Protein chains: 2
Amino acid sequence: MTDSDALGTDARTEAPRARGGRPRASSRRTLEDAASELFLEQGYAGTTIDQIAQRAGVGRNTFFNYFAAKSDLLWLDVDETIAALPGVLDETSEDVSPSAALERAVTALAARHPHSAVPIALSQREPMATQEEFLSAGLSRFLAVAHALAGFLAERVEGHVDPTIVRAAANATTAAAATAAGAWALAGVERGDLAAEVDRAIAPVCRGFASQLDARRPTGA
Amino acid sequence: MTDSDALGTDARTEAPRARGGRPRASSRRTLEDAASELFLEQGYAGTTIDQIAQRAGVGRNTFFNYFAAKSDLLWLDVDETIAALPGVLDETSEDVSPSAALERAVTALAARHPHSAVPIALSQREPMATQEEFLSAGLSRFLAVAHALAGFLAERVEGHVDPTIVRAAANATTAAAATAAGAWALAGVERGDLAAEVDRAIAPVCRGFASQLDARRPTGA
DNA sequence: CCGGTTTCGGTACTGAGTCCATAATGAGTC
DNA sequence: GACTCATTATGGACTCAGTACCGAAACCGG
């Protein structure tokens, strides 16, 4: 609904197209590490960008060369998985119905996610002050995924379905997947298979929309 | 997932329990009007809180006595409808299955919404700079609705269903409803019936979860 | 050595949101 | 009426994220 270009709000993600110019001072990872340390020490809200930059031995402005916002630091691991979504969508078999393809794609994406990769804000139980900012920053990820799924679905249904229904299916599926992923992340050490959890949550949604998404003729109104 | 108390992030919503104390200087509505005017004149991003307060003839801090954030002004009408959700849930018949109750409740809520009440950020087409902030502020509304629905559902299924599934159903339904509502709001003058649109979007979700939500025994794992 | 290009880093600014102390205003109480 | 007490208004000062600008590194090709 918002844009179409990218997933995160990263400023310069990873484009090693260095054609001349001053070389990077090894910063990106350094900043992530510095931030993680400080978050553990003083919490997210209690850490300023100045402190992060300072610990990383870097100017404050340089921080914004790598991250568009402080809150992007909360979603580092997740962003990597989300970045794989376009590839997963491309690889999704053409031989199944749209609703099944949707389910498979999302589950496949979840399967790619490292078992240990859990956002800092969830692994450490901060004084709850973060939650709002964490979720707020998560919204752009949600929208990116939902948007990609909607595009994928729209292509598969080839205009046979009301666009609003297509987007509703994509959004609802994303919401269900996010719910499962959140529960999985909060489950602590003995958490099971993310893909299985996600599939359990999205399967009903995909099934519910199947009759409309998989119809070859425009449905309803 | 976040909290349980309220819908909006309003500071002092409406508790006319005035037992002594300095009377309110008629401000709340005055502030809303001043803000609406300024938004139309200069857009949301181009308007500062100082300007709003000044036009309302009020100190800057007073603004924060009525609204917790500038972005709350974008969701005024919607907040009123959301505030009616608890009542709608209470009135929802006990005679239907949980999944049907969910669908009915959400549709009933949509039916209450005034046909002309569309968030400023959507009715006027601002230079798109707002969108992000608009949605970001909308997140707390989304979460409030989803949380309320999850609680409602949890009560109806009486522990027969995995809580994660319950929340997935609530979140997915909310997402579908929000999608429909957004499309409805953007449809311009000839938009039809909101409740019908919402029902069209959420029905598949509710149907999809029906077999699990309506089971009298724990399902699956 | 000379543009071109990229990153780095400092200064300065805007504006949201918070904190705090103080005044204003009214309701109850004696 | 005088004295609390609770509530709201308001102004000043502050923190900090995010933006804009600019000049200085640092590397590239020629």
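Letters A, B, ... are given to chains in the order of the sequence lines, protein chains preceding strands, and every chain is numbered from 1. Quick caveat: nothing in here was measured; it's all calculated off a predicted structure.
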task = Kindly indicate whether the side chain of Arg60(B) and the base of dG17(C) share any N or O donor-acceptor pair separated by less than 3.5 Å?
result = yes
message = Let's test your reading of the model: under 3.5 Å, does the base of dG18(D) pair with the side chain of Asn61(A) as donor and acceptor?
response = no
query = Using a cut-off of less than 4.0 Å, is there contact between a side-chain N or O of Tyr66(B) and OP1 or OP2 of dT8(D)?
reply = no
ask   = Between Arg24(A) and dT7(C), does any side-chain N or O lie under 4.0 Å from OP1 or OP2?
value = yes
ask   = Is there a donor-acceptor contact under 3.5 Å from the side chain of Arg55(B) to the main chain of Ile52(B)?
value = no
Nearest listed nucleotide, side chain of [X], among [options]:
| X | options | result |
| --- | --- | --- |
| Val58(B) | dT10(D), dA16(C), dT19(D) | dT10(D) |
| Ser27(A) | dA9(D), dC8(C), dA17(D) | dC8(C) |
| Ala69(B) | dG17(C), dA17(D), dT6(C) | dG17(C) |
| Thr48(A) | dA26(D), dG18(D), dC16(D) | dC16(D) |
| Asn65(A) | dG17(C), dT10(D), dT7(C) | dT7(C) |

message = Could you tell me how far apart Glu133(B) (CD) and dG18(D) (P) are, to the nearest whole angstrom?
response = 11 Å
request  = For the residue pair Trp75(B) and Phe134(B), categorise the inter-ring angle as parallel (less than 30°), tilted (30 to 60°) or perpendicular (more than 60°).
outcome  = parallel
task = Report which part of the nucleic acid Thr47(B) touches: base, sugar-phosphate, or nothing (heavy-atom distance under 4.0 Å, all strands).
result = sugar-phosphate
query = Taking only residues at least two apart or on different chains, which pairs with a member in residues 81-92 of chain A satisfy salt bridge (charged side-chain N to carboxylate O under 4.0 Å, His left out)?
reply = Glu91(A)-Arg112(A)
